[in-house]
Amino acid sequence: AQTVTQSQPEMSVQEAETVTLSCTYDTSESDYYLFWYKQPPSRQMILVIRQEAYKQQNATENRFSVNFQKAAKSFSLKISDSQLGDAAMYFCAYKDNDMRFGAGTRLTVKP
Amino acid sequence: EAQVTQNPRYLITVTGKKLTVTCSQNMNHEYMSWYRQDPGLGLRQIYYSMNVEVTDKGDVPEGYKVSRKEKRNFPLILESPSPNQTSLYFCASSSGQRGTEAFFGQGTRLTVV
């Protein structure tokens, strides 16, 4: 079965600075998708960004961007100009026919 | 509005008392799944369904049952809940295409005493 690993249980960043959250995955598939979800204290799961495995270009959504290294099976999330509202749990997810999640990284943003 | 609706949002029950957590989606999605979220473990898949009458076990299916009689509904059944099933549960749905995101319900906080 595919596995997703987030090796940073907690991260902290100063407001307006940049932080990178790590994610690695294991699969033998060639056609799959990767996602980052944000979970604020409200518990709602919010899609942050998605990446198609067949695309070499890294996805970007405003202040959020990814560094996708297919050969290394790595999919990190970079948050630029961090804001207080970015504080949340962040989950990395892998999807082919079905979706698997990592253990999550709790991000704290310091004013 | 496109949404996944889970009920109840909070539930406290006693060991052994059967319960059902309902999940309904209005997006005509083929794929639905259940996850439990525990600290340090992330979201672990309990069961999933690729379409009506098609269900399969995820990573942690013991102690749970599901059914998919209609496309929109995917209830999670705990026949005899135990304290180790105390957790935060999420239902999710997505279309059959691989690239589409999963949409999540609001979560159900279950406590078994």
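In what follows, every chain begins at residue 1, and chains take the letters A, B, ... in the order their sequences are listed.
- The contact between A/Gln39 and chain B is made entirely by side chain atoms (from C-beta outward), counting heavy-atom distances below 4.5 Å.
- Note on A/Leu84 and A/Ile79: same hydrophobic cluster, where clusters join Ile, Leu, Val, Met, Phe, Trp and Tyr whose side-chain heavy atoms are under 4.5 Å apart, directly or indirectly.
- Linking ILVMFWY side-chain heavy atoms closer than 4.5 Å, directly or via other members, places A/Tyr25 and A/Tyr33 in two distinct hydrophobic clusters.
- Around the NZ atom of A/Lys78, the shell of radius 6.0 Å holds no more than 12 heavy atoms that belong to other residues, nucleotides or ligands.
- Note that CD of B/Glu101 is 11.0 Å distant from CE of A/Met45, once rounded to the nearest 0.5 Å.
- Other residues, nucleotides and ligands contribute only 12 or fewer heavy atoms inside 6.0 Å of the CD1 atom of B/Ile12.
- Both tests do not hold together for B/Arg44 against A/Phe91: distance to the six-membered ring centre under 6.0 Å, angle to the ring axis within 45°.
- In the hydrophobic cluster analysis, where Ile, Leu, Val, Met, Phe, Trp and Tyr join through side-chain heavy atoms closer than 4.5 angstrom, A/Phe35 is grouped apart from A/Phe64.
- Only the side chain of B/Ser94 comes within contact range of chain A, with at least one heavy atom under 4.5 Å from a heavy atom of that chain.
- When the shell of 6.0 Å around CZ of A/Arg106 is examined, it contains 12 or fewer heavy atoms from other residues, nucleotides or ligands.
- A/Phe101 touches chain B through backbone and side chain together, each having a heavy atom under 4.5 Å away.
- Annotation for B/Gly40 and A/Ala103: closest pair O-CB, 3.5 Å, computed over non-hydrogen atoms.
- Within the 4.5 angstrom heavy-atom criterion, no atom of A/Glu10 approaches chain B.
- Around the CG atom of B/Asn84, the shell of radius 6.0 Å holds more than 12 heavy atoms that belong to other residues, nucleotides or ligands.
- Within the 4.5 angstrom heavy-atom criterion, atoms from both the backbone and the side chain of A/Arg43 approach chain B.
- B/Leu88 and B/Phe74 sit in two unconnected hydrophobic clusters of ILVMFWY residues. Membership requires side-chain heavy atoms under 4.5 Å apart, directly or through other members.
- Using a 4.5 Å heavy-atom cutoff, the side chains of A/Arg100 and B/Asp59 are in contact.
- Within 6.0 Å of CD on A/Gln57 lie no more than 12 heavy atoms contributed by other residues, nucleotides or ligands.
- The interface of residues 102-113 of chain B with chain A, defined by heavy-atom distances below 4.5 Å, comprises B/Ala102, B/Phe104, B/Gln106, B/Gly107, B/Thr108, B/Arg109.
- We find the OH-CE distance between B/Tyr48 and A/Met99 to be 14.0 Å, quoted to the nearest 0.5 Å.
- Connection of A/Ile49 to A/Phe68 is established within a shared hydrophobic cluster, with ILVMFWY side chains joined at heavy-atom distances below 4.5 Å, either directly or through further cluster members.
- Interface residue B/Leu41: only backbone heavy atoms are found under 4.5 Å from chain A.
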